[in-house]
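Okay, structure first, notes after.
As the structure is a prediction and not an experimental result, all values here were calculated from the model.
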Amino acid sequence: MASNTSICGICSLRHITRTSEHWCPQCEEALCDECKDHHELLKATRRHEPIPMYSYKSLPSFIADIQQSCVYHNEQYQLYCTEHNLPICIKCIKDHQKCTVIPLEEVTNNVKFTEQFQNLETRLEDLLQNIDQIKKDRKANVVSIEEMKKRHVAEIQHIRVEINKHLDNLGKQIIKDVEEKEGQCKENIQKALSPVKEKETMINQCQMNLQNIKQHASDFQTFLGMRELEVAVDENEQ
């Protein structure tokens, strides 16, 4: 994410301090309202799509940090190398002469509506549903253990009425053992739930990141950012 997004970058170059209200992903520049108006009128930038600054700040850092220009040649990315899965600029083409290179627009255009993106959304939803089912199953285990304890205690109390003092003392010991087993089982279940809850938190964050990307990221940012989310989904699906 840019180091200072609160100040309009264009005004700053003119030694004027104005609060930025918009962000242009293509220019990687913070804009005030006035500069945004000029931005939309200039021939070179009129096709750019600035977004509100709050939308930009809601993007995951790995999306906001994606560079729009080649870090080696400072040229706008226009091509995509399918062998290396990398966006490249015109000057990079000499390093990819043996690769299959296609226009970048072919892989980024309407990427949020592709089957790949929709599949990623579905996989995240499925993961959360699976985690929710795991939690419900473990809670059902706890209830079952408690019911089993109640049944055992009731049986023991019935026996105590019919047997002598020796068996009464034995019954007390059995109740104690049952309660210890209950505590151990509950403790084990809580331990089992702990990593599941961590996974749930991580998957929820991935899902929130994906929705923020869907709403606010550019197609270019979305295409590159999806790969990082897909890695996290692959790991958690295992």
Side-chain angles (χ1 to χ4, degrees), residues 1 54-66 85 111-217 221-238:
M1 190 172 290
Y54 67 83
S55 297
Y56 170 69
K57 291 183 177 180
S58 69
L59 289 172
S61 59
F62 69 91
I63 291 294
D65 288 341
I66 292 176
N85 293 322
V111 67
K112 297 178 185 178
F113 301 99
T114 60
E115 182 179 351
Q116 183 181 9
F117 186 91
Q118 293 171 357
N119 181 55
L120 183 57
E121 284 186 306
T122 300
R123 290 167 65 190
L124 283 169
E125 291 172 358
D126 290 344
L127 277 172
L128 289 175
Q129 290 176 2
N130 290 339
I131 288 176
D132 185 60
Q133 187 60 50
I134 291 172
K135 290 169 61 181
K136 289 178 179 178
D137 289 344
R138 296 304 169 265
K139 289 178 180 178
N141 290 154
V142 173
V143 173
S144 176
I145 291 169
E146 291 174 345
E147 291 176 350
M148 289 176 62
K149 173 209 167 184
K150 292 177 182 178
R151 289 197 299 269
H152 285 304
V153 171
E155 292 173 2
I156 292 167
Q157 290 174 340
H158 177 71
I159 293 173
R160 286 180 59 191
V161 176
E162 300 177 354
I163 61 178
N164 57 30
K165 183 178 179 180
H166 173 71
L167 291 181
D168 181 60
N169 293 334
L170 180 60
K172 291 180 180 179
Q173 184 60 47
I174 294 175
I175 292 174
K176 181 180 178 182
D177 292 341
V178 170
E179 291 177 338
E180 289 178 353
K181 294 298 182 183
E182 177 200 18
Q184 291 174 1
C185 289
K186 287 184 176 181
E187 181 179 356
N188 290 337
I189 289 173
Q190 292 302 320
K191 289 180 180 179
L193 278 175
S194 179
V196 172
K197 290 178 179 178
E198 293 177 1
K199 292 291 183 183
E200 180 183 27
T201 299
M202 184 165 60
I203 297 303
N204 274 320
Q205 182 62 48
C206 286
Q207 189 177 49
M208 183 171 63
N209 286 342
L210 187 65
Q211 291 307 311
N212 283 330
I213 292 170
K214 185 176 182 179
Q215 294 179 26
H216 308 302
Q221 292 173 321
T222 300
F223 175 75
L224 293 185
M226 279 169 54
R227 283 185 291 158
E228 184 162 336
L229 285 175
E230 286 175 330
V231 171
V233 171
D234 288 337
E235 292 176 354
N236 283 283
E237 284 180 331
Q238 295 303 319

Do [X] and [Y] make a side-chain contact, defined as non-hydrogen atoms from C-beta onward lying under 4.5 Å apart?
X      : Y      : result
Asn212 : Ile63  : no
Glu228 : Val231 : no
Pro60  : Ile213 : yes
Leu224 : Phe62  : no
Gln211 : Glu121 : yes
Gln116 : Val111 : no
Lys135 : Ile131 : yes

Please round to the nearest 0.5 Å and tell me the distance separating atom [atom1] of [X] and atom [atom2] of [Y].
X      : Y      : atom1 : atom2 : answer
Arg123 : Leu210 : CZ    : CG    : 11.5 Å
Glu115 : Thr122 : CD    : OG1   : 9.5 Å
Asp126 : Ile203 : CG    : CD1   : 11.0 Å
Leu193 : Arg138 : CG    : CZ    : 7.5 Å

Closest non-hydrogen atom pair between [X] and [Y], with its separation:
X      : Y      : result
Lys186 : Val142 : CE-CG1, 4.0 Å
His216 : Leu59  : CB-CD2, 3.8 Å
Lys149 : Glu182 : CD-OE1, 3.5 Å
Leu124 : Gln207 : CD1-CA, 4.0 Å

Could Glu155 and Arg151 be called an ion pair, given the rule that one side-chain N must be under 4.0 Å from one carboxylate O?
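So Glu155 does not pair with Arg151 through a salt bridge.
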What I want to find out is whether Glu146 reaches Lys150 closely enough, with some N-O distance under 4.0 Å, to be called a salt bridge.
no
Are the side chain of [X] and the backbone N or O of [Y] linked by a donor-acceptor pair below 3.5 Å?
X      : Y      : value
Ser194 : Gln190 : no
Lys214 : Phe117 : no
Ser144 : Asn141 : no
Asp132 : Leu128 : no

Test side-chain contact (heavy atoms from CB on, under 4.5 Å) on Lys199 and Met202 and set out the steps.
CA-CA 5 Å; Lys199 292 291 183 183; Met202 184 165 60; 4.0 Å; yes
Before giving the answer on side-chain contact (heavy atoms from CB on, under 4.5 Å), spell out for Lys172 and Ile175 the whole-Å C-alpha distance, their side-chain angles and the decisive distance to 0.1 Å.
CA-CA 5 Å; Lys172 291 180 180 179; Ile175 292 174; 5.6 Å; no
Please determine whether side-chain contact (heavy atoms from CB on, under 4.5 Å) holds for the pair Glu230 and Arg227, giving the CA-CA distance in whole Å, both sets of side-chain angles, and the decisive distance to 0.1 Å.
CA-CA 5 Å; Glu230 286 175 330; Arg227 283 185 291 158; 4.2 Å; yes
Check this for me: Glu162, atom CD, are more than 12 non-hydrogen atoms of other residues, nucleotides or ligands nearer than 6.0 Å?
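Enclosed: over 12 neighbouring heavy atoms sit under 6.0 Å from CD of Glu162.
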How far apart are the C-alpha atoms of Gln184 and Asn188, what are their side-chain angles, what is the distance that settles it, and do they pass the side-chain hydrogen bond (donor to acceptor under 3.5 Å, both in side chains) test?
CA-CA 6 Å; Gln184 291 174 1; Asn188 290 337; over 6 Å; no
Asn169 and Gln173 side chains, donor-acceptor separation under 3.5 Å:
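Checked: Gln173/Asn169 side chains show no N/O donor-acceptor pair below 3.5 Å.
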Where do Lys181 and Ile145 land on the side-chain contact (heavy atoms from CB on, under 4.5 Å) test, with the steps shown first?
CA-CA 9 Å; Lys181 294 298 182 183; Ile145 291 169; over 6 Å; no
